[in-house]
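Below is one structure, written out as structure tokens; comments come after it.
Computed from heavy atoms alone, side chains included, the values below leave out hydrogens, waters and symmetry copies. Remember, predicted model here, so these are calculated numbers, not experimental data.
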Amino acid sequence: MQSLSEIVNVIPKSRAQEAKDKMQTLLNDPLILKFKEKHPELSEEDLKIHMNRLYEFVKEYKQCSNCPGLENCPNDFKGHYTKLTVQSYNEYSQITDQKIACKKLKAYEAQENIRKKIRSFYIDERALNEGYSLNDIMQKDAQRLPAIIALTDYMEQTKREGLQKKGLYLSGTFGTGKTFLMCYMLNELAKSGHTGVIVYVPDFIEDLKEMMKDSVRLKNTIEMLKTTDLLVFDDLGAENINSWARDHVLGAILNYRMNRKPTFYTSNYDMNGLEKHFSFTSKDGEDELKAQRIMDRIEPFVQVIEVKGTNKRRTNEL
């Protein structure tokens, strides 16, 4: 069997010199020189023993300096970089490496944690993931300012005091940004640990017909809407309401949430218009008493905010 020295001797001198040159280039890298300066206890031999760690450290630092984004991260452990530390034992020093999550990964994970706190039913995901701010919305239409101030005040109060007994009822014409305002609120309050659900009511009411065939799904959905911290019914009044959905689904959800957790709404109707909407179903005709019953579970438990502005859907804006 060949000895190690014999094996080394058969390596072409050109390759050996090349390896030596690469090692010296690495040891002269500004990052390694700075690392040596910080740890004067390290000898040249200590550094040479851990060349692989030094190489990974320098390589990943340079790749991070020209970061192509988290999705295209070229590092071996996506979203992480190598950090070097030194542990000394008597006269012996050892270089250890550790993979550290980068800022972009931490930001992504924080956003994912927020998303996990928010469930949506039949809502365009763009509304939840747009990443806009209230200032962006306001600048596109200054008529929204009073609504934005009221919404901001509500969010700040919730952050200070916890969940409120009352929710918000955003009324206004088409395309004034009511849904986006509610999505912004859910995202902001999710950062404080609150869970939220937003439901596009017209599609939800239609889907209830299918849920009736699956009692487990129906029960679980209603239970979720009852117990989430923040519940938003989006575009209330645009649905083709039936008495069962009104009295036994919406009524049951709102009856449970009264004085427990806040419920929020967006609608093109004011309160009088909404009551008229609830008073009529195509099957049962007009029933003002049942409409009043559902309104008794909405009107006393919201602060009404009118959202003014022009229709942004026509210009594909927020």
Side-chain angles (χ1 to χ4, degrees), residues 1-119 125-126 128-133 135-136 159 186-195:
M1 178 180 291
Q2 286 181 303
S3 67
L4 180 59
S5 59
E6 290 173 331
I7 294 174
V8 171
N9 286 333
V10 301
I11 298 176
K13 289 185 178 180
S14 59
R15 288 179 59 190
Q17 186 61 43
E18 183 182 353
K20 186 177 179 181
D21 291 344
K22 286 183 177 179
M23 181 176 68
Q24 197 57 49
T25 299
L26 180 60
L27 292 174
N28 290 332
D29 188 281
L31 287 172
I32 302 304
L33 293 176
K34 187 176 181 181
F35 182 69
K36 287 168 60 180
E37 184 180 337
K38 185 178 179 182
H39 298 281
E41 69 273 23
L42 290 173
S43 66
E44 286 293 317
E45 190 60 31
D46 293 329
L47 293 169
K48 290 177 181 179
I49 291 173
H50 300 97
M51 289 300 293
N52 284 342
R53 289 191 173 99
L54 298 180
Y55 173 75
E56 282 297 313
F57 169 66
V58 171
K59 182 187 75 172
E60 292 188 353
Y61 182 90
K62 292 179 178 178
Q63 288 175 168
C64 288
S65 298
N66 298 289
C67 178
L70 186 61
E71 212 36 56
N72 299 309
C73 177
N75 291 352
D76 294 338
F77 193 7
K78 187 175 180 179
H80 293 74
Y81 61 89
T82 297
K83 179 182 179 181
L84 297 181
T85 56
V86 176
Q87 296 179 347
S88 297
Y89 307 93
N90 297 324
E91 296 181 357
Y92 174 70
S93 296
Q94 180 180 7
I95 299 173
T96 60
D97 57 1
Q98 183 182 3
K99 295 296 184 182
I100 305 295
C102 71
K103 291 181 180 179
K104 283 186 171 61
L105 178 61
K106 289 179 180 178
Y108 172 78
E109 289 177 340
Q111 190 60 40
E112 281 300 295
N113 286 333
I114 291 171
R115 288 194 183 103
K116 288 176 183 177
K117 292 182 183 299
I118 303 172
R119 293 287 304 274
E125 287 297 314
R126 187 176 68 95
L128 285 170
N129 303 327
E130 187 69 22
Y132 53 87
S133 69
N135 285 335
D136 293 333
K159 290 175 182 178
L186 289 179
N187 272 284
E188 287 299 302
L189 294 182
K191 295 175 184 176
S192 301
H194 298 299
T195 59

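- Here CG of Leu47 is found 10.0 Å from CE of Met23. Values are rounded to the nearest 0.5 Å.
- Residue Gly79 comes nearest to Leu105 through the heavy atom pair O-CD2, 3.4 Å, listed as atom of the first residue, atom of the second, then distance.
- Here the shortest heavy-atom pairing between His50 and Ser93 reads CE1-O, 4.5 Å.
- Summarising the geometry, atom CD belonging to Glu188 is positioned 4.5 Å from atom NZ belonging to Lys159; distances are rounded to the nearest 0.5 Å.
- Using a 4.5 Å heavy-atom cutoff, the side chains of Met51 and Leu27 are in contact.
- Gln24 contributes atom CD, which lies 8.0 Å from atom NZ of Lys20 (distance to the nearest 0.5 angstrom).
- In this structure, CG on Asn113 lies 11.5 Å from CD1 on Ile118, to the nearest 0.5 angstrom.
- Taking every heavy atom of both residues into account, Leu84 and Leu54 meet most closely at CD1-CD2, 3.7 Å.
- When all heavy atoms are compared, the tightest approach of Asn75 to Cys64 is ND2-SG, 3.4 Å.
- Across every non-hydrogen atom of Lys78 and His80, the tightest pair is O-ND1, 2.9 Å.
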Start with the C-alpha gap between Lys36 and Glu44, add the side-chain angles, then the distance that decides, and say whether side chain to side chain contact (heavy atoms under 4.5 Å, CB included) holds. CA-CA 9 Å; Lys36 287 168 60 180; Glu44 286 293 317; 3.2 Å; yes
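- A distance of 13.0 Å separates CG in Leu70 from NZ in Lys106, rounded to the nearest 0.5 Å.
- Taking OH of Tyr108 as the reference point, atom CZ of Arg115 lies at 7.0 Å (rounded to 0.5 Å).
- Legend: residues meeting ring pair (Phe, Tyr, Trp, His ring centres under 6.0 Å) with Tyr61, ordered by chain and number and at least two apart, are absent.
- Counting only distance, with no hydrogens or angles, the side chain of Asp46 and the backbone of Ser43 share a donor-acceptor pair below 3.5 Å.
- Ionic pairing of Glu45 and Lys48 is not present here: no N-O contact between side-chain nitrogen and carboxylate oxygen is shorter than 4.0 angstrom.
- Proximity of Tyr55 to Lys59: side-chain heavy atoms (C-beta onward) are separated by under 4.5 Å at one or more points.
- A salt bridge does not link Glu37 to Lys34: none of the charged side-chain nitrogens sits closer than 4.0 Å to a carboxylate oxygen.
- No more than 12 heavy atoms of other residues, nucleotides or ligands sit less than 6.0 Å from atom CG of Asn52.
- Listed here is the closest heavy atom pair of Glu41 and Ser88: CG-OG, 4.0 Å.
- Under 4.0 Å is where a charged nitrogen must lie from a carboxylate oxygen, and between Arg53 and Glu56 no such pair does.
- Asp29 places no side-chain N or O within 3.5 Å of a backbone atom of Thr25 that could act as its donor or acceptor partner.
- Residues Glu60 and Thr82 have side chains that bring a donor and an acceptor to within less than 3.5 angstrom of each other.
- No more than 12 heavy atoms of other residues, nucleotides or ligands shown are found within 6.0 angstrom of NZ on Lys83.
- Glu71 CD: 12 or fewer foreign heavy atoms inside a 6.0 Å radius.
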